[in-house]
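Below is one structure, written out as structure tokens; the observations come after it.
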Amino acid sequence: MATAEQQRPRVLDLLVPAPSVKACCHSGGGVGGGPEAPVVALVGAPNTGKSTLFNALTGARVTMGNWPGTTVEVSRGLWKTTTAAATCTCDECTCDDAEQRLDITLVDLPGAYSLDPHSPDEELTRQLLVGVPDDERPDLCVVACDASRLANSLYLVAQLRERRLPILVALTMVDVAAKRGITVDPATLSQALGCPVVAIDPRRRAGLEALAAAVRDGLGGPAPAPRPVPSTTDQLELDDDRFGWIAGAVAAGTSAPAEHARTFSDTVDRWVTAPVLGPLIFLGVMWLVFQITTAVAAPLQDLLDGLFAGPVSDGATWLLGSLGLGGSWVEGLVVDGLIAGVGMLLTFVPLMTLMFVLLALLEDSGYLARAAVVTDRLMRAIGLPGRAFLPLIVGFGCNVPAISATRILPSARQRVLTALLVPFTSCTARLTVFVMLGSVFFGPYAGTAVFAMYVVSIHLVVLAGLVLRRTLWRTMGTDPLIIDLPAYQVPTLRLTASVTWVRLKGFLQTASGIIVATVCAVWLFQSIPTQPGQAFGEVPVAQSAYGVAAQAITPVFAPAGFAQWQTTSALVVGFVAKEAVVSSWAQTYALEEPSGADPGSLGERVRSDFDASSGGHPVPAALAFMVFLLAYTPCVATLAAQWREIGPKWTLFGVAMQLATAWLLAVAVFQVGRLFW
Amino acid sequence: MSAAPATGGPLSLVLAEVRAGTPTVAGIALRSGLDESVVRAAVDHLVRSGRIESRELSIGCPPSGCGGCASATDGAPGCGLPAPVPGRRPGLVTLTLSRR
């Protein structure tokens, strides 16, 4: 069993100062400088190079252990210093060596940013520095300060200087600071701080002699007078005073010439985050993304379309025919349903891949951080909560996680408002429909048409937000967004490929599941007869349950120019999932044609129907359809997410708002558009 | 946006700029006349002292993994990735004023 003596805290032993702390050639040896050796505490914020300095000063003469009663690790070591004989001031010896030795017990205290503890480590550091009687404190504190982040390191110095403690600042990371164009003048900084400052580089063992000399001087002299502090109990006022002192010291002791301080990133940021030019650049970049995506992917998309419509469908038809299933409902389901639907999805793989690659490049390069600044400024200007930026950005990928991401908003009102706005962000599922209609109706301007939908989407978010803020949530405050912009970087191939693959895989997994299920459901409803004498699976689509239901709602869309049941039925399918809109079209048109007839391409059939329903104005009708598709309920999964996050009342309110907005906008677009096209 | 008050120490100036909606550290430094490193240190201090809350957005992975992701839901990170990407650089951070 350990004796009481053995149980005494080892570090505390070391921190009890020797009767005389004068520098003396007779100090003890061993790990730690013996009972009479002066004790120097090494303190500083984490990652300031404190432990590197400790290792450089003590070498292998170190013991480590947990502070008794805690799991906090404290190291102590022997720091052997030498000095000129004349500095030995003790009475008992008659030293005549050219150099005399002073052994110092160096204690590496846990990293602490301040004397206001937030962890057991910081609590111990505080306790050992200021929580013990004066005669049990270390004889001197060496505060390691990172010269490249000097202001962050000086808060602890500011607090220590408020007490009568002998302290010394060891400036580390001077080389890193120099690379950033920051030069530190130790002498001037020393004057500003009121304590010695020594620049060191422990990794190269530079400046250690000067540090030893400064420590010996500090051990021999009186502690500097404490820095005056305002007589207040207000913590912010006290902290403000400390930061004023820090700002003064940084201004006096450091210099960062403007020509060196302005980096490439700073120069670019002046333009890309500018109040007017920034949003324009953002729009330009996004236009370029969609233009590249549609232009480059179009030939590949046509190739895949031809592959599925031709050889794959023909092969499946031949195979089913040879199995005796030709002309049966199985052929209808497999060829007109699954192959047409899934094949249509696969034609979008090149497009989605390209878009994910471009977005990953923007993200990895650091540009999206700038886009956040631009977007946030816009949102704040119109009174929306700044932090709603995240869910809305996520919404451009998929609305479902975006609804869930509203949880980061602190207030319930902000969560509800943002969850109501998210469905107006154009998700990637809608992109497939936009791209198809864009290439059918706008040819070489397909990219611009798709881009326009994203611009409309942003405007919808803004306008709907403004309306709701002016009506339902007039008293809601806004939260600020502060971004420390990272430097621009060259995107890495590995990361870009990894992010692209993960997102593409996710899209395909989700979409393929939805499409197979929807294709089966659509096939089922298209097989159900509505008139007597018709057999299941042998009914014209227009007379099936699917066609009849679609025809019932079609007149509603007459003012919008797309009152054709084949079109409106796709909207019903799109209510379930936007991924299935194009595949349902493919399925419907394939079934409509009598066997053996050339149905023409899907695009031609869609254009023909829009032409018929719009009275000869297919382009504005297509635009109206795209706007409706953008604004109405994204999918049932989004509804489920809203139901969970904001409850049934607000979810139903949102559905009504989306449908009303979508219809009104579509009608407006068509009615105005047909005056010009 | 209203300008920051001319009086007060660096922390008050930074807080005023945050309230006024200045969105970047560089912008706060420019408007307040403070050194950028002092602004960065002041923001860190305000976060540490609980006067503003800091949350990392989904563009970067938090050091604590997906469980600490701001947009994580039901254990799945909002970015759609199955796990933090090794070597992923830190991303955007939102700072929110606390009611103090």
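- With sequence neighbours left out, the side chain to side chain contact (heavy atoms under 4.5 Å, CB included) criterion links A:A151 to A:I246, A:V250, B:S37, B:V38, B:A41.
- Ranked by heavy-atom pairs under 4.5 Å with chain A, the list B:L46, B:D44, B:D35 is led by B:D44.
- The distance from the CZ atom of B:R48 to the CG atom of A:N152 is 7.0 Å, given to the nearest 0.5 Å.
- Between atom CZ of residue A:R149 and atom CZ of residue B:R40 there is a gap of 8.0 Å, rounded to the nearest 0.5 Å.
- A salt bridge does not link A:D239 to B:R51: none of the charged nitrogens lies less than 4.0 Å from a carboxylate oxygen.
- Interatomic distance, B:S49 OG to A:Y155 OH, rounded to the nearest 0.5 Å: 7.5 Å.
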